Amino acid sequence: MKAMFVGPLGKVTGSCTWLFDERKGWNLLVDCGMQQGERTEQEWNAGHWPFDPAKLKLVVLTHAHLDHCGLIPLLYKRGFKGSVYCSKETAQLATIQLKDAIKISDLGYTAADVDKIKWHEPGKGGFFGRFHPVDDDLFLRFFRAGHVIGAVSVAVYWGPKDDQRSINFSGDVGPDTEDAENLPWLRHRMGVGSCDFAVLESTYGDKVRDAEAMSAMQRRARLKSLLDQTVDQNGALVLPAFSLGRTQDVLFDLHQIVAESDGRFDEVKFLMDSPSARKMHVPMVEGFMRTENNGLSHGKVRPCWLGKQFFRAFGLNDKDPDHCSYADQLCRSTLLGEPLAWPAGRPKPGNALSQAWRSVFTLVRDRDQTAKQIVGKPTVLLMSSGMCDGGPAAYWLPRLLGLRSTTVATTGYASSSSVAGRLMNVATLPPSERGRLSGELIWEAPGSKHDDAHYPIKQIEAHITALSGYSAHADQTGLVDWAFSEHKGDLYVAGKTIFIQHGEDRARKALAVALKERAMQHGIDVLPVVMPEELDDVYDLDCHGQLMTNDRRAAELQAQIELLNAQLRKMQKAA
């Protein structure tokens with residue numbers, strides 16, 4: 001088996017790894033995502049690949065974010081006819097994401113191409129931990145990654161049982177471990193066991209967060225202080241959030257703050273303008289209540305995605321059917337806006353938070369009408385467009401940035417070139433200094449690809465800040481912990497050789513140092529850590545992961561040509 005790390009190298013978006021073996025006929029991808037906010041975005045998203053999509057047998061998808069799935073429809077348009085192996089939840093959410101992306105970007109494919117995708121979740125008897133055959137002597141194993149609902153790490157195994165080799169792909173690694181979950185919904189990431197090789201993301205490979213930065217209590221305290229400020233100023237709190245993952249976490253925290261505040265925020269109008277998130281919430285609720293007896297739970301039935309911290313927050317017992325039924329209602333109340341329906345006269349299970357919980361958000365259906373209704377009234381506006389580059393942000397920000405009673409609080413990563421990144425650049429400047437700035441914020445006007453919305457930076461009066469603690473990515477410590485997991489006193493190293501991709505070079509280099517230091521702590525003197533540099537480099541996974549020289553690649557190609565010529569001569573002779 002050979003590997004080519006097509007992307008991203010020295011970048012954060014555009015995940016794609018090609019595995020192939022010409023003799024066995026194995027030809028597959030792990031992820032095929034679009035680049036977002038990169039200098040090479042336009043060229044990459046045009047699909048200039050080193051492989052022929054028509055010759056691929058299958059694609060493995062780790063999760064539904066567009067930087068991992070965004071170019072899969074283009075594969076089908078270019079001739080791919082195989083299946084995409086992933087969790088059912090990833091298939092549902094990716095379909096929504098892909099069709100929405102078409103509306104705001106020219107990606108070279110249409111909704112009809114999205115509809116061609118053959119999604120497949122293997123394993124009727126359980127998804128996690130089991131060996132799923134996809135070809136002769138070729139298997140996949142899936143492990144929960146804890147990043148977003150449906151997200152997995154995946155291991156690929158090839159060869160006969162007595163000479164089998166394997167490679168782990170981290171996908172995007174979540175921050176939470178068992179009994180140390182700080183995000184409100186998701187179960188902790190799983191250990192992935194030991195393989196010959198591992199491919200590890202490095203988005204935050206150079207950052208180590210302290211406990212306070214990831215504390216759920218501290219995160220909600222910061223959010224509550226912004227709510228207090230909004231009430232005092234009769235203003236608007238604008239919360240841009242990515243539709244998948246971040247929006248649901250912020251929704252949960254706002255509901256909890258309201259439930260614990262004894263009417264303090266009863267006059268606040270809570271609005272959600274996130275069409276993509278709204279579509280995702282039905283499959284999310286179904287996914288959160290999904291359970292299975294998987295290959296790693298030793299005969300126990302457990303939720304696939306919903307974490308124990310959700311049950312703990314409400315004082316519920318995840319083994320009690322009535323409590324699980326009420327947990328389902330709490331999910332529906334939070335994500336779908338449904339009222340809690342519990343039989344009259346029957347005590348609600350759980351603690352005080354469980355009793356006080358109620359749906360507080362209203363969906364924005366008519367933006368112009370809503371904009372008139374919120375003037376001079378305390379309002380929370382949770383909107384999609386995490387980087388504020390389009391969608392609802394293009395409508396709301398030009399109307400609200402000029403008001404000193406407005407607070408814009410970003411909830412996650414924003415590239416420096418994005419609108420959110422440019423807003424953060426002026427966050428510490430007082431309005432008097434902002435007035436001296438030149439330049440404009442520019443959005444593509446909703447419904448038009450030609451008429452843009454412009455807003456002069458010097459006119460920004462709103463308070464700009466950032467809410468931390470919502471990251472769905474592991475930091476350096478979490479990434480190293482993924483590579484070196486322990487279970488019942490045994491150490492499992494994800495790969496005897498580790499390839500680092502999916503991160504800027506400074507993050508990759510810092511993570512490489514941290515991996516080697518952890519290896520030394522475990523008594524492993526030599527741990528090869530490889531940072532692929534060129535997109536056309538090929539690594540031979542059947543020969544210690546060595547980088548193949550041009551001479552060797554040329555020799556292999558020549559051998560294939562000679563074999564094909566011999567087969568052709570045989571066919572011609574037979575004819």
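Remember, it's a predicted structure, so these values are computed and weren't measured experimentally.
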One should read off an interatomic distance between Leu29 CG and Tyr85 OH, to the nearest 0.5 angstrom, of 13.5 Å
- Message: Can a side-chain donor-acceptor contact be found between Trp158 and Asp135 if the only test is distance below 3.5 angstrom?
- Response: no
What side-chain donor-acceptor pairs closer than 3.5 Å can you find for residues 516-528, not counting sequence neighbours?
residue : atom : partner : partner atom : Å
Arg518  : NH1  : Asp481  : OD1          : 2.9
Arg518  : NH2  : Asp481  : OD1          : 3.1

Between Ser276 and Gln97, does any side-chain donor sit less than 3.5 Å from a side-chain acceptor? no
Task: Residues, nucleotides or ligands: over 12 heavy atoms within 6.0 Å of Asp490 CG - done: yes
Query raised in the report: So with a 6.0 Å cut-off around CD of Glu43, is the heavy-atom count from everything else above 12?
Result: no
Within 6.0 Å of NZ in Lys496, more than 12 heavy atoms from elsewhere:
no
Interatomic distance, CG@Leu9 vs CZ@Arg508, rounded to 0.5 Å, equals 5.5 Å
Quiz item: Under 6.0 Å between ring centres, would you say that holds for Trp26 and Phe20?
Solution: no
Within the 6.0 Å centroid threshold, strictly below: Phe128 and Phe143
no
Please examine the side chains of Phe127 and Arg290, heavy atoms only from C-beta on, and report whether any two atoms are closer than 4.5 Å.
-> yes
In this structure, are over 12 heavy atoms from other groups packed under 6.0 Å from Lys207 atom NZ? yes
>> Over 60° means perpendicular and under 30° means parallel, so tell me whether Trp185 and Phe288 are parallel, tilted or perpendicular.
In response: parallel
Point to revise | pair Asp31-Cys16: side-chain heavy atoms closer than 4.5 Å | key: no
- Could you check if a side-chain atom of His147 sits within less than 4.5 angstrom of a side-chain atom of His65, using non-hydrogen atoms only? yes
Here the gap from Met190 atom CE to Glu178 atom CD, rounded to the nearest 0.5 Å, amounts to 10.0 Å
Value for SG (Cys32) from CG (Leu75), rounded to nearest 0.5 Å, stands at 4.0 Å
Problem - Donor-acceptor pair between Glu89 and Trp305 side chains, under 3.5 angstrom - result: yes
>> Can you confirm if the aromatic rings of His68 and His502 lie within a centre distance of less than 6.0 Å?
In response: yes
Is Asp179 paired with Lys308 through a side-chain N to carboxylate O contact shorter than 4.0 Å? yes
Just wondering, are more than 12 heavy atoms of other shown residues or ligands nearer than 6.0 Å to CD in Gln164?
-> yes
Next on the checklist: Run Lys116 and Asp113 through salt bridge (Lys or Arg N to Asp or Glu O under 4.0 Å) and show every step you take.
Outcome noted: CA-CA 5 Å; Lys116 292 177 184 175; Asp113 296 308; 3.3 Å; yes
> Can a donor-acceptor pair be found between the side chains of Glu201 and Thr203 at a distance below 3.5 Å?
Replying inline: yes
Side-chain heavy-atom pair Leu515, Ile500 within 4.5 angstrom cut-off
yes
Result block: side-chain N/O donor-acceptor pairs under 3.5 angstrom for residues 77-84, not counting sequence neighbours:
residue : atom : partner : partner atom : Å
Lys77   : NZ   : Gly108  : O            : 2.9
Arg78   : NH1  : Gly47   : O            : 3.0
Arg78   : NH2  : Ala46   : O            : 2.7

Is there side-chain contact between Tyr204 and Ser471, with heavy atoms separated by less than 4.5 Å? yes
- Message: Between Asp100 and Lys103 (salt bridge meaning N to carboxylate O under 4.0 Å), is one present in this structure?
- Response: yes
_Heavy-atom side-chain contact between Ile149 and Leu93 under 4.5 Å_ = yes
ask   = Is it true that the side chains of Ser202 and Gln501 contain a donor and an acceptor less than 3.5 Å apart?
value = no
Are Phe51 and Trp18 near enough that their ring centres are under 6.0 Å apart?
yes
Quick one: does Phe197's side chain get under 4.5 Å of Tyr539's, heavy atoms only?
no
Q | Student check: side-chain heavy atoms of Gln309 and Arg312 closer than 4.5 Å | A | yes
Taking the six-membered ring of Phe142 as reference, does the NZ or CZ atom of Arg130 fall below 6.0 Å from its centre and within a 45° cone about the axis? no
